[in-house]
Amino acid sequence: LWNGKMIKKIAIITIILLGAFSASNAENVYVKYQGTVSLDNFDCTNTISSFVNRICHNDKYDYVVVLLNTTYYHYCRIPSSTVNSWLNASSKGKFYLSNIKGRFDCRLGGIPK
C-alpha cells in the first residue's frame, strides 16, 4: 500500500541520494606537466576527431584542458572566442596545430589556483 506521504518520502530520499552520488563523482583528470585537475568548473565537449578527443574550457580563467589522444594537456589565457572557433572547426586537429600548439603556454602564468 503506497500512500502519498510514502511516495513523497521515497522521492525526497532518492533526490538526496542522487545529489550525494553526483557530488562524490566529481571528475578529476591527470594533466601532463600540471598534475591532477578538477573539471568541476569546466564546460567539456567530447569531439569527433582522431587526435583531439575532448576540449574542456573554464571561461572564468580562460583555461583549457584538452585530451590529445590519451593524454590531457593544459593551455592558459586562451580566449573564449578561440575556444569557440576550435569547437566549431571542421578539423579539430588542424585547428589545434595551426592555432593552439606552441601558444598559450601555462609556464608564462594563468593557471587558476
Side-chain angles (χ1 to χ4, degrees):
L1 290 157
W2 294 90
N3 62 32
K5 282 185 175 183
M6 185 175 275
I7 291 173
K8 285 181 184 177
K9 285 181 182 180
I10 291 173
I12 290 169
I13 291 170
T14 302
I15 290 169
I16 291 169
L17 289 174
L18 286 174
F21 179 74
S22 63
S24 67
N25 283 330
E27 185 176 6
N28 295 304
V29 296
Y30 181 82
V31 176
K32 192 166 185 172
Y33 309 119
Q34 175 61 21
T36 303
V37 173
S38 169
L39 295 180
D40 289 350
N41 296 313
F42 286 77
D43 289 321
C44 294
T45 302
N46 294 327
T47 62
I48 299 171
S49 172
S50 60
F51 177 55
V52 179
N53 297 309
R54 189 176 193 201
I55 300 169
C56 298
H57 181 232
N58 180 312
D59 190 45
K60 180 177 178 182
Y61 296 103
D62 291 335
Y63 185 55
V64 171
V65 172
V66 60
L67 180 60
L68 302 177
N69 289 323
T70 60
T71 304
Y72 280 96
Y73 295 89
H74 65 158
Y75 294 89
C76 295
R77 291 188 243 137
I78 180 167
S80 295
S81 59
T82 301
V83 176
N84 291 332
S85 295
W86 190 7
L87 289 168
N88 291 312
S90 59
S91 172
K92 309 296 187 266
K94 285 181 183 176
F95 188 93
Y96 169 80
L97 294 172
S98 298
N99 301 286
I100 308 297
K101 186 177 180 181
R103 302 178 184 174
F104 310 109
D105 191 336
C106 289
R107 291 177 293 183
L108 302 175
I111 300 172
K113 304 244 181 226

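The analysis underlying the following values was restricted to heavy atoms, covering all of them including side chains, and did not include hydrogens, waters or symmetry mates. Only a predicted model underlies this, so the values are computations on that prediction, with no experimental measurement involved.
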To the nearest 0.5 Å, how far apart are [atom1] in [X] and [atom2] in [Y]?
X: Ser80; Y: Asn58; atom1: OG; atom2: CG; value: 9.5 Å
X: Lys92; Y: Leu68; atom1: NZ; atom2: CG; value: 13.5 Å
X: Thr82; Y: Ile100; atom1: OG1; atom2: CD1; value: 6.0 Å

Residues 103-113, side-chain donor-acceptor partners within the protein, below 3.5 Å, at least two apart:
residue, atom, partner, partner atom, Å
Asp105, OD1, Arg107, N, 2.8
Asp105, OD1, Arg107, NE, 3.1
Asp105, OD2, Arg107, NE, 3.1
Asp105, OD2, Arg107, NH2, 2.7

Do the side chains of Leu67 and Tyr73 get nearer than 4.5 Å, heavy atoms only?
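A side-chain contact under 4.5 Å is absent here.
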Between Leu39 and Cys44, is there a side-chain heavy-atom distance shorter than 4.5 Å?
yes
Hey, any chance Tyr75 and Tyr30 share a hydrophobic cluster, counting ILVMFWY side chains that come within less than 4.5 Å of each other, even indirectly?
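They do not share one cluster, since no chain of ILVMFWY contacts under 4.5 Å joins Tyr75 to Tyr30.
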If two hydrophobic side chains count as joined below 4.5 Å and joins carry through other members, does Tyr72 share a cluster with Val66?
no
Does atom CG of Asn84 have more than 12 heavy-atom neighbours from other groups under 6.0 Å away?
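Counting neighbours around CG of Asn84, more than 12 heavy atoms of other residues, nucleotides or ligands fall under 6.0 Å, so yes.
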Sorted by first residue and then second, give each ring-ring contact (aromatic ring centres under 6.0 Å, His included) pair with at least one member in residues 43-63; sequence neighbours left out.
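Applying ring-ring contact (aromatic ring centres under 6.0 Å, His included) to every pair that reaches into residues 43-63, excluding sequence neighbours, yields Phe42-Tyr63, Phe51-Tyr96, Tyr63-His74.
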Please identify each residue that fulfils side-chain contact (heavy atoms from CB on, under 4.5 Å) with Asn28, with sequence neighbours left out.
Thr36, Ser38
Across all chains, not counting sequence neighbours, the side-chain contact (heavy atoms from CB on, under 4.5 Å) partners of Ser85 are Phe95
Under the salt bridge (Lys or Arg N to Asp or Glu O under 4.0 Å) definition, can you give me all pairs with a residue in residues 53-82, not counting sequence neighbours?
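Found Glu27-Arg54.
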Is there a donor-acceptor contact under 3.5 Å from the side chain of Asn53 to the main chain of Asn69?
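Yes, Asn53 side chain to Asn69 backbone: donor-acceptor pair under 3.5 Å.
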